[in-house]
**Student:** 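The structure under discussion is supplied below as structure tokens; questions concerning it will follow.
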Amino acid sequence: WKVPLVNFKLKKIYLWNTVLIIAITSSFLAGFLQIFFYVFLISVLYFLLRFMKNRNRKALNCLFLSFSIVILLIAIQLIPTIQFISLSGRSLDQTNWQNNPGWFIPWKHLAQFIVPDFFGNPATLNYWGTFNYGEFIGYIGIFPLLMVFVAILYGRNAVVVRFFTFLVLSAVILALPTGISQIPFILKIPYLSTSQPTRLLFIIDFGLAVLAAYGLDYILTHKKKVLYPILIFAFLFLTIWLVIIMKLDSSSHMLIAKKNTYLPTTLFISISLALLFLAYPHLQNIAHAKFLFGRKNSFSVFLLLAISLTTLELIRFSLKFNPFTPESFLYPQTKTISFLQKNLGLSRIMTDDSPTFP
């Protein structure tokens, strides 16, 4: 039995190294160097974590071979890119980063991890937050975020959970305007000093997604371990509502925040009550809900509904994040445009008054 098992493990190593080569190469050739760097860094760090645990030399050799192949595949673009960066003036563009309000994620925008449209939304033309909505939004959904707290509180003994918790916390510290996050820009460290810290949301959201999966896996076998994560989440929602109530009269923007906080709050209360009823049977008797939550398959039904609800919620969020409008709204056909199109000749037209002629 040993030989087939070894062969199976080797085939598995070769398979996933092939996937790694394709993924890393595609990430670089996609053209977003900062995201490529994050993908590469996380891949290496995660492998080293697993290698320290398993000490698989063949896997290590395969990894070096895979990265050597990646470098050969991307060399045609990598070499001119390095040359281009050395000649770029981007480092001069970032000399005023201290006065750029959108360079780091403002502390107040952490609320968007719980209420994505707390500061409004550009799609509905009521965004009143700092800088660019898309640079600060790290929302992954209410139920997934609740599962993140489950993983951190109860699954911290797992090496992978500790790794991704550390990864998320490190990325958050470097993305916020903390003293540590300013070091690369003060010292003008090459490459790092020209990378916008808000893009660390890529790492934060990826880490949160992995932790959410571990949290969900944990409550499948430990259904009663939900009280403290719910209490933490409840405290965060309570804090947000207190801010809204305290500033409601003095700020018209708080009306937008209040309206957009209803849906996340409703989702949180619904999911939390269902989890509590499933975890503590005596609550079912108090609320006369045993016919709903006392069945053998109640937890499976809840998970199906929670995941379905999360899917619909995130689809709604994505459609609002990437709205589509008819082309005629952006390029209307007017008498002026028709005249210019017919009488353009060899001329070119520009405008210095956007409301008159976009």
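Atoms considered below: every heavy atom in the structure, side chains included; atoms not considered: hydrogens, waters and symmetry mates. The model shown is predicted, which means the values in this text are computed figures rather than measured ones.
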**Student:** For residues Gly120 and Trp128, report the shortest heavy-atom separation together with the two atoms involved.
**Tutor:** N-NE1, 4.0 Å
**Student:** Minimum heavy-atom separation for Ala234 and Phe268, please, with both atom names.
**Tutor:** N-CZ, 3.5 Å
**Student:** Looking only at atom types and distance, does a side-chain atom of His109 sit under 3.5 Å from a main-chain N or O of Ile137, one as donor and one as acceptor?
**Tutor:** no
**Student:** Can you check whether Phe104's main-chain N or O pairs, donor with acceptor, with Gln196's side chain at less than 3.5 Å?
**Tutor:** no
**Student:** Please work out which of the three classes, parallel, tilted or perpendicular, describes the rings of Trp97 and Phe185, given edges at 30° and 60°.
**Tutor:** tilted
**Student:** Just checking Phe206 against Tyr38, ring centres under 6.0 Å apart?
**Tutor:** no
**Student:** May I have the step-by-step check of side chain to side chain contact (heavy atoms under 4.5 Å, CB included) for Leu65 and Asn17, ending in yes or no?
**Tutor:** CA-CA 9 Å; Leu65 178 62; Asn17 274 271; over 6 Å; no
**Student:** Using the benzene-type ring in the case of Trp, are the ring centres of Phe237 and Phe233 under 6.0 Å apart?
**Tutor:** yes
**Student:** Salt-bridged, Asp117 to Lys320, with N to O below 4.0 Å?
**Tutor:** yes
**Student:** Quick check: does any side chain N or O of Asp217 sit under 3.5 Å from a backbone N or O of Ala213, one acting as donor and the other as acceptor?
**Tutor:** no
**Student:** Can you check whether Leu110 reaches Trp107 side chain to side chain, under 4.5 Å on heavy atoms?
**Tutor:** yes
**Student:** What closest approach, in Å, do Pro264 and Pro116 show between heavy atoms, and which atom pair accounts for it?
**Tutor:** CG-CD, 4.4 Å
**Student:** Apply the test ring-ring contact (aromatic ring centres under 6.0 Å, His included) to residues Trp241 and Tyr262: give CA-CA distance (whole Å), side-chain angles for both, the deciding distance (0.1 Å), then the verdict.
**Tutor:** CA-CA 10 Å; Trp241 275 109; Tyr262 281 133; 5.5 Å; yes
**Student:** With distance as the sole test, does His222 use its side chain to make a donor-acceptor pair with the main-chain N or O of Tyr218 at under 3.5 Å?
**Tutor:** yes
**Student:** How far apart are the C-alpha atoms of Leu201 and Ile105, what are their side-chain angles, what is the distance that settles it, and do they pass the side chain to side chain contact (heavy atoms under 4.5 Å, CB included) test?
**Tutor:** CA-CA 9 Å; Leu201 279 170; Ile105 299 176; 3.8 Å; yes
**Student:** Specify the closest pair of heavy atoms between Tyr133 and Phe321, including all atoms of both residues, with the distance to one decimal.
**Tutor:** CE2-CD1, 3.5 Å
**Student:** Would you check if there is a donor-acceptor pair between the side chains of Asn126 and Thr124 at a distance under 3.5 Å?
**Tutor:** yes
**Student:** Under 3.5 Å, is there a donor-acceptor pair between the side chain of Ser181 and the main chain of Thr178?
**Tutor:** yes
**Student:** Under the 3.5 angstrom rule, does the side chain of Ser318 hit a backbone N or O of Ile315 as a donor-acceptor pair?
**Tutor:** yes
**Student:** Can you tell me if Thr25 uses its side chain to pair, donor with acceptor, with the backbone of Ile22 under 3.5 Å?
**Tutor:** no
**Student:** Do Ile271 and Leu304 belong together in a cluster built from hydrophobic side chains that touch within less than 4.5 Å?
**Tutor:** no
**Student:** Go through the steps for Phe40 and Phe67 under the test ring-ring contact (aromatic ring centres under 6.0 Å, His included), then give the verdict.
**Tutor:** CA-CA 10 Å; Phe40 183 84; Phe67 282 132; 5.0 Å; yes
